[in-house]
2 protein chains.
Amino acid sequence: MITLSEENYLKAILSINLETKNIVSTNEIAGVLNTSPASVSEMIKKLEEKNLVNYEKYKGVSLSKSGEKLALEILRKHRLWETFLVNKLEFSWSEVHDVAEQLEHVKSKKLTNKLDHFLNYPKFDPHGEPIPSKNGIISPTKRVLLSEVPIKTKGIIMGVSTDESEFLDYLTQLNFKIGSKIKILDIILFDKSMKIQIGDKIEQISEEVTNNIHIKIIE
Amino acid sequence: MITLSEENYLKAILSINLETKNIVSTNEIAGVLNTSPASVSEMIKKLEEKNLVNYEKYKGVSLSKSGEKLALEILRKHRLWETFLVNKLEFSWSEVHDVAEQLEHVKSKKLTNKLDHFLNYPKFDPHGEPIPSKNGIISPTKRVLLSEVPIKTKGIIMGVSTDESEFLDYLTQLNFKIGSKIKILDIILFDKSMKIQIGDKIEQISEEVTNNIHIKIIE
DNA sequence: AATTATATTTAGGCATCCCTAAATAAATGT
DNA sequence: ACATTTATTTAGGGATGCCTAAATATAATT
Ligand SMILES: [Mn+2]
Ligand SMILES: [Mn+2]
Ligand SMILES: [Mn+2]
Ligand SMILES: [Mn+2]
């Protein structure tokens with residue numbers, strides 16, 4: 001049996017790896033889970049015992065085949081539940097993360113798959129993140145970070161890479177939504193902030209913000 | 001903060017009390033939660049510390065006002081989730097208990113109330129048990145145990161008092177459902193088993209079964 | 001290459017929740 | 001009333017998961 005804590009560690013390792021594509025460090029995990037690096041070292045050893053991760057002291061961690069399978073299941077549940085909360089229960093996209101953080105640990109294959117069916121097999125969660133399929137496949141998307149495209153680029157907002165409610169509420173306030181069409185009018189060299197056209201309004205947003213928005217380039 | 005284990009203890013105390021109307025004994029709790037009486041004694045002391053129960057050594061436990069409030073919230077969530085699983089996700093009534101046992105611990109007032117709304121404010125769960133309201137009120141129902149009514153009684157099945165899947169599957173097989181109309185044709189004195197008319201069929205059921213079925217008497 | 005700074009692991013401890021065995025209180029039978 | 005059975009609590013201990021402080025390995029600087 002796998003415990004709730006172990007599940008959170010596996011998911012954290014997966015998320016970090018999906019972002020950085022690298023072996024995952026103890027410190028990174030501690031950062032994500034808000035625990036001490038010492039606790040992480042301890043837990044990693046337990047996960048290694050269970051063959052859920054590959055681990056070499058001082059070198060970092062990666063998920064084993066079975067560890068990755070479990071992590072993908074949890075991520076799938078997290079994103080399905082977020083979709084449920086927004087699409088069926090009228091939550092806003094900034095309110096769902098903490099609740100999904102709890103719901104993702106409910107153990108019932110049948111529940112997950114029935115939920116998937118009930119939601120009509122969604123491909124993306126309310127933040128534009130892809131939902132792993134029943135077989136653990138994450139459909140690859142060709143999206144780029146808004147912070148990395150040049151001036152005059154036109155694009156469609158496809159997703160965000162953090163669930164922090166302050167961030168999401170700010171986007172809502174700016175009227176930035178999944179699917180919104182935007183154009184980069186200017187990039188300030190000094191702080192890399194951007195002047196963005198959205199609808200008939202123009203907004204100035206910082207690099208901290210552009211760094212967390214994924215777009216699909218059009219035209 | 002209240003832990004998952006503490007929640008399960010509170011709910012167990014409430015359920016036992018709702019059935020027996022008495023002070024609750026250590027042994028009864030241990031029975032329901034499948035733990036040792038020693039563990040129960042320990043936990044009760046902790047709950048007393050937190051003013052969630054009233055307790056006198058060797059005399060038994062009862063819920064305090066705040067303990068009862070919490071317990072009712074958990075019971076409310078349990079029954080709302082069971083209703084969700086049956087009404088929206090097409091689970092059968094015999095499959096939902098274990099999943100609801102997990103879902104009931106998800107902490108979000110907003111989720112509970114949105115779910116209630118989404119389900120159209122149901123009054124009873126799939127087993128016919130009343131769902132406590134937002135304010136913790138259980139609507140009183142005038143139902144009787146099938147095992148306690150005399151011969152020739154006609155009634156409608158209103159609920160069951162156990163969620164065990166073997167029992168529920170057996171009822172389904174007999175075509176006994178919430179709302180079914182039945183008539184007691186005969187009561188065998190020797191073992192108190194009953195011959196029951198349901199639709200145009202006649203079924204013989206044991207006292208163990210009639211003891212777990214609630215009916216409303218008609219005519 | 002040696003020194004310093006940073007990352008990681010180990011040591012020792014604490015809280016929670018569970019257990020079995022032993023002690024004690026309450027209930028029951030004679 | 002006394003002895004026995006049953007219910008409950010206490011004692012002692014194990015597993016999990018977290019922490020801080022200390023030790024050690026690795027990376028960065030000079
Ligand atoms: Mn989680
Ligand atoms: Mn998310
Ligand atoms: Mn439970
Ligand atoms: Mn139930």
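Reminder, nothing fancy here: chain letters follow the sequence lines and each chain counts from 1.
- Shown here for B/Val53 and B/Glu48, the closest heavy-atom pair between the two residues is CG2-N, 3.6 Å.
- With respect to the salt-bridge test (charged N to carboxylate O, under 4.0 angstrom), the residues A/Lys46 and A/Glu6 do not qualify.
- Closest heavy-atom contact between A/Leu52 and A/Ser66: CD2-OG, 3.8 Å.
- B/Glu7 has its CD atom 15 Å from the C1' atom of C/dC17, to the nearest Å.
- Following rounding to the nearest Å, A/His105 (NE2) and D/dG17 (P) show an atom-to-atom distance of 12 Å.
- B/Met1 places its CE atom 10 Å from the P atom of C/dC17, with the value rounded to the nearest Å.
- The distance from atom CG of B/Asn8 to atom P of C/dC17 is 11 Å, rounded to the nearest whole Å.
- Using a cutoff of 4.0 Å between basic side-chain nitrogens and carboxylate oxygens, A/Glu90 and B/Lys110 are not scored as salt-bridged.
- Salt-bridge check for A/Glu104 with A/Arg76: failed, with every basic side-chain N at 4.0 Å or more from each acidic carboxylate O.
- The shortest distance between side-chain heavy atoms of A/Leu146 and A/Thr153 does not fall below 4.5 Å.
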Note to self: For a quick check, with a 4.0 angstrom heavy-atom cut-off, what is the B/S/- contact string for nucleotides 4-16 of chain D, read 5' to 3'?
What the structure shows: ---SBBB-----S
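- Within 4.0 Å (heavy atoms only), B/Ser36 reaches at least one base atom of the nucleic acid.
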